[in-house]
Amino acid sequence: MSSQLRRRENAISPPASLLLNACFILLSLACILPVILVVIVSFTHIDSLVSEGYRFIPSRWSTIAYESLFKDYGTLVRAYAISIGLTVGGTALSVILMALYAYPISRQDYPFRAFFTFILFFTMLFSGGVVSKYIVFTQVLDLLDTYAALLLPLLIIPFNVIIMRTFFQATIHPALIESARIDGAGEFRIFFRIVLPLSLPVMATMALLGTIVFWNDWFNALLFIRTEEKYPLQYLMLRVLNDVQYLRNNVQLASQNPELMSNLPDESLQMALAVVCMGPILLVYPFFQKYFVKGLTVGAVKG
Amino acid sequence: MRERTGFALFVHSLWKYRFLTIMLAPALAVLVVNNYMPMFGVFIAFKNINYIDGIFGSPWVGFKNFEFLFNSGSIWRITRNTVLYSVAFMIVNTVLSVVIAVAINELRGRLAKTYQTFLIMPYFLSMIVVGYLVYAFLNPEKGFVNGTVLEWFGADPVSWYSEKPYWPYILILVNAWKNVGIGAVIYIAAIAGIDNEYYEAAVIDGATKWKQIVHITLPLIQPIIVILTILSMGSVFNTDFGLFYQVPMDSGALYPVTDTVDTYVYRVLMELNDIGMSSAAALAQSVLGFILVLLTNSAVRRINSDQALF
């Protein structure tokens, strides 16, 4: 009670508080306005775009961009399905594989614990680099143009495995495992029936981190995906923006292909694509940011 | 019970703990394929790879690829850009994150939580989406900056994607926009961990808010600032590929100020198909990064051995 009272006494003065709030409102606007601009452009009528450019308050509105986006829905829906599949499958696989690695190296009695921890840790120190990985994936493993090439690089995040290991060490008491073993439970049974249910918070955090990583990934698609039918959503967006930009910058090429030029998606369509792509993340992140922040700060303290 | 030694003990524990080893086998396989095979694959930097002989049959050329790299003239440019951007990001982001964390801590309460939600939002967007957002502002004909902001001031429109001088500032701004919020979260957590008695004592002694920040808050979170800064030193040779490739739209006119090791390696590999030179650059990056991490760690150990990574 008294501490709370002092805390109030120690609060900043009303004018300072007002000033600080004003600053933070401006900062919050700076964070959200670019997104709002893109949403508005996606709803702006083409005439408005041509005559006055991108405005926060356009003179004419239109939903034509979304109509044409969903009319020609084949590509978009396919890319969406691929991204959702990769995100769900990749996240599930990633969390279970990381937990299965983190648990043994968290066990004090496991004799190879130090060795496998080092194997994991060393990958954080040294990497073969992107060219070597590209050659290995394409020449040795023959993963060019496969979804495996999109999943493999993101499945095991060493730092997250270390966080999970630390969590297991802190929450699962060795006596618990010992008593389960005396009762006749095998290692797998102990892991799935006792360890996992006790570790749901860290599993949830890892699942959220994984969702973001898989949903937002496009670099691996840039390296390994060649067929248009296999483009995930983010990579489809990259191609749309860059190809249109390329054509607009090459007037000569455009003048030789008038048909190509007229079929270019206009800007509201591009922005509609961006809205459709960031939609899911923007809708869900306010709900899970709490867990995300928790996971992040756990990592920071242990790091 | 019979004493077991050496190999017999090893075999025994291998058998006794076989289920734990089986558990970590799948992830181990991923690490081998995804991390260790490319590590051993770095030998391609010393070969002249051609597709007829394959990666194993191609002839060894010693350090020829590195010679080409150093004679190509790009090495100075990409190294300078990479290091300068990394350092600039480090300074700008750290300062802004700490300032925001300290300020948000003074507000507390529901509003502070709301601001925090807005500030970390950009972190959740992919660089592709960020590229679209930047394009909405900088589009030469219709973008918000040329069409509205510059018009207010009566300035001439700028063709942003071909004017070099602006890009260092744009990139620093975009990077700060995306990452400062999440950086602040770590410092907010650190400040929340400070014992309130320090502040109570300071209030009794009549310390102003500013004095409390300078003499209590900042000194107490200083170890975390130091550690995080030193840790990011280890990745000075690595840049966010998306920021430098997608946000400037891979515009050739901007390469002098946007080309970093990562974009250079990608371009030489995928567009010029020069495996030799790109692998040499990538290997140089990995080795320098490795050395920096080791140096960093020994520096951390010297300052505070508890916080050293290994």
Side-chain angles (χ1 to χ4, degrees), chain A residues 3 6 9-10 12 20 24 27-28 31-32 34 37-38 41 49 53-55 97-98 100-101 103-104 110-111 116 123 125-136 139 152-153 155-156 187-188 212 216 218-219 234 237-238 241-242 245 267 274 277-278 281 285-286 289 293 296-297 300, chain B residues 13 17 19-21 23-24 26-27 30-31 33-35 37-39 41-42 44 55 103 106-107 111 115 117-122 124-126 128-129 131-133 135-136 142-144 147-148 185-186 189 196 199-200 203 209 241 246 249-250 265 269 275 278-279 282-283 285-286 290 293:
Chain A
S3 135
R6 281 219 195 94
E9 268 170 30
N10 193 21
I12 49 177
L20 218 49
F24 272 107
L27 274 178
S28 301
C31 285
I32 199 77
L37 179 65
V38 163
V41 171
L49 281 182
Y54 301 165
R55 288 278 163 89
L97 285 188
M98 291 203 295
L100 280 171
Y101 198 99
Y103 173 64
Y110 184 51
F116 285 116
T123 62
L125 302 181
F126 187 73
S127 85
V130 69
V131 181
S132 181
K133 183 183 261 184
Y134 179 77
I135 299 293
V136 166
Q139 305 284 307
L152 260 181
L155 279 181
I156 308 293
E187 294 289 6
F188 279 91
I212 306 266
N216 279 347
W218 51 278
F219 181 61
Q234 304 277 347
M237 284 183 59
L238 180 151
L241 191 59
N242 289 16
Q245 179 73 4
E267 268 114 351
C277 181
M278 61 186 166
I281 290 281
Y285 103 89
Q289 61 137 338
V293 166
L296 195 88
T297 39
Chain B
S13 45
Y17 290 99
F19 291 114
L20 288 181
T21 310
M23 269 186 195
L24 54 70
V30 173
L31 286 178
V33 168
N34 183 56
N35 300 82
M37 279 174 73
M39 270 186 224
V42 293
I44 55 173
I55 57 170
E106 293 307 329
L107 291 173
L111 269 177
Y115 297 141
T117 305
F118 280 115
L119 289 175
I120 65 172
M121 185 274 298
F124 291 89
L125 303 176
S126 75
I128 303 291
V129 169
Y132 273 74
L133 299 180
Y135 184 68
K142 310 195 182 82
F144 184 72
T148 307
V185 167
I186 292 170
N196 205 37
Y199 296 104
E200 285 169 14
V203 170
K209 203 78 223 178
F241 177 80
Q246 184 58 18
M249 304 259 201
D250 196 25
V265 166
L269 174 69
I275 296 174
S278 59
S279 60
L283 180 57
Q285 184 188 31
S286 293
F290 183 54
V293 172

For chain A, the option from V33(B), L119(B), L283(B) that forms the most heavy-atom pairs under 4.5 Å: L119(B)
Between the side chains of N35(B) and K133(A), is a donor N or O closer than 3.5 angstrom to an acceptor N or O? no
Max heavy-atom pairs within cutoff under 4.5 Å with chain B, candidates V41(A), I281(A), L238(A), V131(A), goes to V131(A)
Go through the atoms of Q246(B) and report whether side chain, backbone, both or neither lie under 4.5 Å from a heavy atom of chain A. side chain
Looking only at heavy atoms, the pair that brings L20(A) and A103(B) closest together is CD2-O, 3.7 Å
Checking side chain to side chain donor-acceptor pair (under 3.5 Å) for the pair Y110(A)/S13(B): CA distance, chi angles, key distance, verdict? CA-CA 9 Å; Y110(A) 184 51; S13(B) 45; over 6 Å; no
Looking at every heavy atom in both M237(A) and Y132(B), which two are closest together, and how far apart are they? O-OH, 2.7 Å
Suppose we screen for side chain to side chain contact (heavy atoms under 4.5 Å, CB included). Which residues come up paired with P34(A), at least two apart in sequence or across chains? L133(B), F137(B), W177(B)
Does either side chain, that of S278(B) or that of Y134(A), offer a donor lying less than 3.5 Å from an acceptor on the other one? no
Show the nearest heavy-atom pair for residues C31(A) and F118(B), with the distance to one decimal. CB-O, 3.5 Å
Do I156(A) and N34(B) have side chains that get closer than 4.5 Å, going by heavy atoms? no
Side chain to side chain donor-acceptor pair (under 3.5 Å) against T117(B), all qualifying residues, sequence neighbours excluded: Q289(A)
Does F241(B) have its ring centroid less than 6.0 Å away from the ring centroid of F219(A)? yes
CD on Q139(A) to CD1 on I275(B), rounded to 0.5 Å: 6.5 Å
Could you go through L27(A) and Y115(B), starting from their C-alpha distance and side-chain angles, then the distance that decides it, and tell me whether this counts as side chain to side chain contact (heavy atoms under 4.5 Å, CB included)? CA-CA 8 Å; L27(A) 274 178; Y115(B) 297 141; over 6 Å; no
Examine whether an atom of I135(A) lies under 4.5 Å from a heavy atom of chain B, and if so say whether it belongs to the side chain, the backbone or both; otherwise answer neither. side chain
Taking all heavy atoms of M23(B) and all of E187(A), pick out the closest pair and write down the distance. CE-O, 3.4 Å
Can you tell me which portion of F116(A) sits under 4.5 Å from chain B's heavy atoms? Options are side chain, backbone, both or neither. side chain
Rounded to the nearest 0.5 Å, what's the gap from CG on N216(A) to CZ on F124(B)? Could you check? 9.5 Å
Where M121(B) and I32(A) come nearest, the two heavy atoms and their spacing: CE-CD1, 3.8 Å
Could you grab the distance from atom OG of S286(B) to atom CZ of F126(A), nearest 0.5 Å is fine? 5.0 Å
Quick one: are V129(B) and C277(A) in side-chain contact, heavy atoms under 4.5 Å? yes
So how far is it from Y103(A) OH to L24(B) CG, rounded to the nearest 0.5 Å? 11.5 Å
Assert top hit (heavy-atom pairs under 4.5 Å, partner chain B, pool V136(A), L155(A), V130(A), T123(A)) equals T123(A)
If every non-hydrogen atom of I44(B) is compared with every non-hydrogen atom of S132(A), which pair is closest and at what distance? CD1-CA, 3.9 Å
